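Model, not experiment: these values are computed from the prediction. Whatever order the structure lists them in is the order used to number ligands and atoms, beginning at 1.
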Amino acid sequence: MRHLIDPLDFTREETDRLLTLAEQILANPADYAHACDGKILATLFYEPSTRTRLSFESAMMRLGGKVLGFSSAGSSSASKGESVADTIRMISGYADIAAMRHFKEGAPYVAARYSKIPVINAGDGGHQHPTQTLADMLTIRRKRGQISGVTIGLCGDLKFGRTVHSLIKSLVRYEDVNFVLISPEELRVPSYILKEVIEPSGHSWREVRDMEEVMPQLDILYMTRVQRERFFNEEDYVRLKDSYVLTKEKLDLGKKDLAVLHPLPRVNEIAPEVDDDPRAMYFEQARGGVFVRMALILTLLGLAPGVLDAE
Ligand code: NCD
């Protein structure tokens, strides 16, 4: 049985085939409308979410399956002190597959060890968010036809932003990727990502403070929200929250075919005036999240032969 806890749980080839399946579903959704008839997805969300939880639910429903779950730790038995291990053992008898979001790094990994059904990490603390990465990669692939050769600017909270960590881990497996890491000093990418992921990959990378200066070089600009809930004090958050605001004026320094991505939710970091620009792809990216999750559910339930390598 396979799980998706870390982006590297799938090989590059498996990831590519999963994205191809997502594109097929996107083109012909009716072909998949009953693919999961009789199956149940459990959404175990110990931390707030709009897109991720609802897109998982939408994905399962669009496959003909059903959904159960909870959307906050307070409404689950976690508030009575139940462990993740016990919860997943029990859920294994209630559902066929589970998506878990948790404020503690590593919680979905622990769940997978005790689970009898496939577990998907829907975001664990400031650590990883592999299904957002699938949505990001689908958007990049649909825009450029391929992932290799991309110059990507990752901007904002690179320290706590789990979507950034997962995306970098996946992108290093392609050719000629050029990373431009745009953040304030305090929100730089964690050193393990630099030392263990980017540097060994041999890809070119640099860290900069200023967004305007690098804008003309980028193919993709990946904006992120400053992750308020992961700060130790509110003062630091208030000081850093508006470090970057993408306006139309700044966007116009970029290439004509630049794509602006954002995992959402947005706070202040993209001015609403940018939304109407054809380069703004974040709502389309969120829509793609449903199709990659449909592809992932089918794959982990063993209903999409050929996506995963044979064991
Ligand atoms: C992201 C997350 O939860 O990490 N949201 C999402 O799943 N699309 C990004 C964020 O919360 O800033």
Side-chain angles (χ1 to χ4, degrees), residues 4-7 22 41 43-60 69-73 98-109 120-140 152-170 181-184 187 189-190 193 220-231 236-237 240-246 259-270 275 280-294 296-297:
L4 179 61
I5 306 301
D6 183 285
L41 165 76
T43 51
L44 314 175
F45 276 59
Y46 295 82
E47 208 186 37
S49 167
T50 305
R51 256 153 307 277
T52 305
R53 185 170 60 84
L54 297 185
S55 67
F56 263 115
E57 297 189 355
S58 171
M60 191 48 152
F70 53 83
S71 56
S72 70
M100 175 180 285
R101 168 167 291 190
H102 207 288
F103 46 86
K104 264 202 192 139
E105 286 81 1
Y109 173 77
I120 301 168
N121 178 4
D124 62 326
H127 192 215
Q128 300 292 331
H129 194 344
T131 64
Q132 179 62 46
T133 295
L134 294 173
D136 303 341
M137 307 252 288
L138 181 73
T139 314
I140 298 173
I152 181 166
L154 296 138
C155 177
D157 188 346
L158 310 187
K159 179 178 181 187
F160 297 116
R162 56 193 172 194
T163 68
V164 169
H165 308 158
S166 286
L167 183 56
I168 292 175
K169 271 191 152 181
S170 272
L181 307 169
I182 312 162
S183 75
L187 299 178
V189 93
I193 294 280
I220 303 285
L221 173 61
Y222 192 92
M223 295 296 296
T224 62
R225 166 181 78 88
V226 176
Q227 306 278 301
R228 179 181 203 162
E229 65 276 35
R230 318 247 181 256
F231 276 71
D236 286 346
Y237 170 72
L240 292 167
K241 72 182 172 66
D242 294 323
S243 298
Y244 301 97
V245 180
L246 179 66
V260 180
L261 274 61
H262 190 309
L264 303 176
R266 137 179 73 183
V267 187
N268 261 337
E269 56 281 354
I270 303 180
D275 298 355
M281 294 199 66
Y282 27 93
F283 291 115
E284 186 57 23
Q285 180 187 359
R287 190 174 87 95
V290 175
F291 300 101
V292 293
R293 290 180 176 103
M294 289 170 82
L296 179 62
I297 291 168

Starting from atom 8 (N) of ligand 1, what is the nearest protein heavy atom, named by residue and atom, and what distance separates them?
Pro263 O, 2.9 Å

Where is the nearest protein heavy atom to atom 11 (O) of ligand 1: which residue, which atom, and how far?
Arg225 NH2, 2.8 Å

Ligand 1 versus Thr163, non-hydrogen atoms closer than 4.0 Å: side chain, backbone, both, neither?
side chain

Only one of Val290, Val292, Thr131 forms a side-chain contact (heavy atoms from CB on, under 4.5 Å) with Ser55, so which one is it?
Val290

Under 4.0 Å from a heavy atom of Thr52: which atoms of ligand 1 are those, numbered in the order shown and with their elements?
6 (C), 7 (O)

What do you reckon, does His129 have a nitrogen or oxygen under 3.5 Å from a nitrogen or oxygen of ligand 1?
yes

How close does the nearest protein non-hydrogen atom get to atom 4 (O) of ligand 1, and which residue and atom is it?
Arg162 NE, 2.8 Å

Quick one: which of Leu181, Leu187, Ile193 gives a side-chain contact (heavy atoms from CB on, under 4.5 Å) with Leu158?
Leu181

Counting N and O atoms only, with roles assigned by atom type, does the side chain of Asp124 sit under 3.5 Å from a partner on the main chain of Gly106, one being a donor and the other an acceptor?
yes

Please check whether Leu264 reaches ligand 1 - meaning an N/O of the residue sits under 3.5 Å from an N/O of the ligand, judged on distance alone.
yes

Could you tell me if the side chain of Thr224 sits less than 4.5 Å from the side chain of Phe160, heavy atoms only?
no

Gln227 heavy atoms within 4.0 Å reach ligand 1 at atoms 10 (C), 12 (O)

Is there a heavy atom of Pro265 sitting under 4.0 angstrom from any atom of ligand 1?
yes

Side chains of Pro7 and His165, heavy atoms from C-beta outward: is any pair under 4.5 Å?
no

Could you check whether Arg101 makes a cation-pi contact with Phe45, meaning its NZ or CZ is under 6.0 Å from the centre of the six-membered ring and within 45° of the ring axis?
no

Taking only non-hydrogen atoms of Arg101 and a 4.0 Å limit, the atoms of ligand 1 in range are 3 (O), 7 (O)

Non-hydrogen side-chain atoms of Leu134 and Leu4 separated by less than 4.5 Å:
yes

Does a side-chain heavy-atom distance below 4.5 Å link Leu221 with Cys155?
yes

Ligand 1 contacted by Glu47 (non-hydrogen, < 4.0 Å)
no

